[in-house]
Amino acid sequence: MQNNLFIYNSLSKKKEAFKPIHPPFVGIYVCGPTVYSDTHLGHSRPAITFDLLFRYLTHLGYKVRYVRNITDVGHLENETLGEGEDRIEKKARQEQIEPMEVVQKYVNAYHKNMEQLNTLSPSIEPRAAGHIIEQIELIKTLIKSGYGYESNGSVYFDILKYNEKYRYGKLSGRVLDELMSNTRNIEGQEEKRNSFDFALWKKASPEHLMRWPSPWSVGFPGWHLECSAMSIKYLGEEFDIHGGGIDLQFPHHECEIAQSTAALGKESVHYWMHNNMITINGQKMARSIGNFITLDQLFSGDHPALQQAYSPMTIRFFILQAHYRSTIDFSNEALQAAEKGFQKLMKAIESLKKLKPSDSSTIDVIKLKEKCYEALDDDLNSPIVLSHLFEGVRFINSVLDGSEKIDASGLESLKTLFNTFVFEILGLKDESAGIGDEKLTGELMKIIIDLRQTAKNRKEFEVSDKIRKELNNLGITIKDRKDGTPEWEKAPL
RNA sequence: GGUCGGUUAACCGAGUGGCUAGGUAGCGGUCUGCAAAACCGUUUACGGCGGUUCGAAUCCGCCACCGACCUCCA
């Protein structure tokens, strides 16, 4: 199996040819959400970025195992203090429910939103709390090899020791000496040999709800550990691609690298990929900053910053219009532009179905297809793919207008091209279909349009304009075509 | 303060040495009874100052501004 795909590797800071370890198999691990509140716009970025990667690799013929975890334990409010409260537990106390009820609630919400965005389900979606045993085993290995040490019932990772043999900080460009001089002295660190050591296992305080027995204490695993344990379990000691948000690079992914490398004695991940952030007013959108808009709010328009509701495919299109390693700035203007652009694309695909072939062709479909592949192969450059597809859109509309021509085989190729890239790979879908009572509406519209046509033929424009205006009030637009058969369309609700 | 990244036209956003990305908005036109759609044409660009080069948005230096990470974050 061959590919021309180049992927930007965060570790080498270069675009590298993608060579899977065991073709035709490809293993991908992506950091999923910590499920303690609603999914917001920022979460859709990695979901869509790695959905695109998953879809493209699958399209190329690879058998992809896509693992995306759910963090449901161990993610503390404040890691440095060592006394931060578990996010899930805090929410559980606030809402007076079980921690696992919090998890269930927000996992369900996350899944619903992911489905709305038309992202494919991962092959495996493991949860940290379901892999306590694997994590404990990994800690044992780390203690045995001297990289983990126990302290008062908790276990920490010894970064200084690790750095003797390996280089801590190589992903994020940190230098340990600088970390040492920069780290703030905060109380509550007495258990650690060094302030930058991170927890592998934490002893639970008496009031802590989420707790499991271990050789060291009744407690819970550290946040970074789950990804190492679960990626090893499902993808093997070495696997192809690890993805996640750029904000996870340090310390999360750095710690993951340290743990896995220390435990396995070798590099685990071949390609690190990081998606950039969605910004709002130029600043990162994040739960901690409080400037986020949830996906449900976007879909309903129910948020003070929103001028209107935006459909899931508008959001998906919006995100695909930027390259995944660039920031993308949220605004109503930008989303409205995305909405219009997306609708234009969908309309052209509808028109494509109706095109009549000519004897000759004025378009090179093969070249267009090649350009689309080239763009994807260049580190998943979806904005460029879209720009090529819009070339196709202009062509389709011109054929409809009579200024361009396409032959039968070209037409088939063009249909396949749009189907492949727009729906299969970019993962967009037509949202206008499937509104109830469609058939009846169609019949009714036929009658109304017929009446209006009669009025027009009699030059009773007052009547015909009234019909059009009343329909407009219902969100229905009449479009008189040159050949005298009017079209109508309903704005999406 | 340290490390890293960014600054492209009204907005979003591609592009890395010579060849107008694209979407949205604006303007003019074609079509149309009007309108919408579509098509054609088109305006406002590469943060500032230097340097390298025949040629720089693209490479180098300095400056300004913005941001990310250094706590948790997708």
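Computed from heavy atoms alone, side chains included, the values below leave out hydrogens, waters and symmetry copies. Lettering follows sequence order; numbering is per chain, from 1.
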Determine the Euclidean distance between corresponding C1' atoms of B/G22 and B/A9; express it in Å to zero decimal places. 14 Å
Gap in Å between the two C1' atoms, one belonging to B/A38 and one to B/G51, rounded: 50 Å
Closest to the A/Ser387 side chain: B/A21, B/G2, B/A14? B/A21
When all nucleic acid strands are considered with a 4.0 Å heavy-atom cut-off, which category describes A/Ala286: base, sugar-phosphate, or nothing? base
Do A/Asp450 and A/Gln453 have side-chain atoms, one donor and one acceptor, less than 3.5 Å apart? no
Taking atom types as they are modelled, would you say the side chain of A/Asp329 forms a donor-acceptor pair with the base of B/G67 within the 3.5 Å cutoff? no
Hey, does A/Lys284 reach any base, or is it just sugar-phosphate, or nothing, if we go heavy atoms under 4.0 Å? base
For RNA chain B, whose closest nucleotide is more 5', that of A/His323 or that of A/Ile289? A/His323
Given atom CD of A/Gln453 and atom C1' of B/C34, what is their separation to the nearest angstrom? 14 Å
Indicate whether the side chain of A/Ser382 and that of A/Gln321 have a donor and an acceptor atom separated by less than 3.5 Å. no
Quick one: list whatever passes side chain to side chain donor-acceptor pair (under 3.5 Å) with A/Arg167, sequence neighbours left out. none
Can you tell me how far C1' of B/G13 sits from CD of A/Gln336, to the nearest Å? 17 Å
Examine the side chains of A/His111 and A/Glu125 and answer whether a donor and an acceptor come within less than 3.5 Å of each other. yes
Where the side chain of A/Thr294 meets the backbone of A/Gln297, is there a donor-acceptor pair that is under 3.5 Å apart? yes
If the cut-off is 4.0 Å, is A/Ser326 near the phosphate of B/A14, judged by side-chain N/O to OP1 or OP2? yes
How far, in whole Å, is B/C39 from B/U24 if one measures between their P atoms? 9 Å
Rounding to an integer number of Å, can you tell me how far A/His252 NE2 sits from B/C70 C1'? 17 Å
Want to settle it: does A/His388 or A/Arg325 sit nearer the 5' end of RNA chain B, counting the closest nucleotide to each? A/Arg325
If you measure from the ring centre of A/Phe390 to the centre of the six-membered ring in the base of B/G23, is it under 5.5 Å, with the planes under 30° apart? no
B/A25 versus B/U42 - spacing of their C1' atoms, nearest Å: 14 Å
Whether A/Thr314 side chain and A/Glu339 backbone form a donor-acceptor pair below 3.5 Å: no
What's the closest nucleotide to the A/Pro383 side chain, out of B/A14, B/C69, B/U24? B/A14
Could you pull out all donor-acceptor pairs under 3.5 Å where a side-chain atom in residues 168-175 of chain A meets a protein atom, sequence neighbours excluded?
| residue | atom | partner | partner atom | Å |
| --- | --- | --- | --- | --- |
| A/Lys170 | NZ | A/Glu267 | OE1 | 2.8 |
| A/Ser172 | OG | A/Glu254 | OE1 | 2.6 |

Integer angstrom distance from the P of B/G15 to that of B/G50: 29 Å
Under 3.5 Å: donor-acceptor pair, side chain of A/Asp197, backbone of A/Ile159: yes
Among B/A14, B/G33, B/C70, the nucleotide that comes nearest once only the side chain of A/Ile384 is considered: B/A14
How is A/Glu333 classified with respect to the nucleic acid when contacts are heavy atoms under 4.0 Å: base, sugar-phosphate, or nothing? sugar-phosphate
Nearest to the A/Phe461 side chain among B/G33, B/C69, B/A14, which nucleotide is it? B/G33
Whole-Å distance between B/A21 P and A/Leu389 CG? 18 Å
For RNA chain B, what string of dots and brackets results from 5' to 3' when Watson-Crick and G-U pairs need both distances under 3.5 Å, crossing pairs get [ ], and pairs with another strand get |? (((((((..(((.....[...))).(((((.......)))))....(((((..]....))))))))))))....
Might you list the N or O atoms of the protein lying below 3.5 Å from N or O atoms in nucleotides 36-39 of chain B, with each pair's distance?
| residue | atom | partner | partner atom | Å |
| --- | --- | --- | --- | --- |
| B/A36 | N1 | A/Asp480 | O | 3.3 |
| B/A38 | O3' | A/Asn397 | ND2 | 3.1 |
| B/C39 | OP1 | A/Asn397 | ND2 | 3.1 |

Mark yes or no: A/Arg287 above the aromatic ring of A/Tyr36, with NZ or CZ under 6.0 Å from the six-membered ring centre and no more than 45 degrees from the axis. yes
Does A/Gln249 reach a base, just sugar-phosphate, or nothing at all? Heavy atoms under 4.0 Å. nothing
Under 3.5 Å, is there a donor-acceptor pair between the A/Asn332 and A/Tyr310 side chains? yes
Which value, in whole Å, describes the distance between the C1' atoms of nucleotides B/G18 and B/A56? 10 Å
Please measure how far the P atom in B/C70 lies from the corresponding atom in B/A10, and state the result in whole Å. 36 Å
Figure out the OH/C1' separation between A/Tyr324 and B/C12, and round it to whole Å. 20 Å
Any sub-3.5 Å donor-acceptor pair from A/Asp72's side-chain atoms to A/Val103's backbone N or O? no
Listed in order of residue number, which residues of residues 43-53 of chain A have a non-hydrogen atom at under 4.0 Å from RNA chain B? A/His43, A/Arg45, A/Pro46
Can you tell me how far C1' of B/U3 sits from CD1 of A/Ile246, to the nearest Å? 13 Å
Could you list the protein-to-nucleotides 4-6 of chain B atom pairs, N/O on both sides, closer than 3.5 Å?
none

Between atom CG in A/Leu368 and atom C1' in B/G22, what is the gap in whole Å? 13 Å
What nucleic acid atoms does A/Gly173 come within less than 4.0 Å of, heavy atoms only: base, sugar-phosphate, or nothing? sugar-phosphate
Does B/C34 have OP1 or OP2 under 4.0 Å away from a side-chain N or O of A/Lys469? no
So, A/Glu16 versus A/Ser12: side-chain donor-acceptor pair below 3.5 Å or not? yes
Atom CG of A/Leu345 and atom P of B/U24: how far apart are they, to the nearest Å? 10 Å
Check every strand shown and say whether A/Ala334 touches a base, only sugar-phosphate, or nothing at a heavy-atom separation below 4.0 Å. sugar-phosphate
Do A/Asp51 and A/Arg55 sit within salt-bridge range, that is, some charged N less than 4.0 Å from a carboxylate O? yes
Quantified in whole Å, what is the C1' atom distance between nucleotide B/A14 and nucleotide B/A37? 27 Å
Answer yes if the side chains of A/His253 and A/His274 hold a donor-acceptor pair under 3.5 Å, and no otherwise. yes
Determine whether the side chains of A/Tyr56 and A/Asp377 contain a donor N or O and an acceptor N or O closer than 3.5 Å. yes
Going by the ring-ring contact (aromatic ring centres under 6.0 Å, His included) test, name the single residue among A/His40, A/His303, A/His43 that passes it with A/Phe292. A/His40
Looking at A/Tyr8, I'd like to know if the NZ or CZ of A/Arg325 sits under 6.0 Å from its six-membered ring centre while staying within 45 degrees of the ring's axis. yes
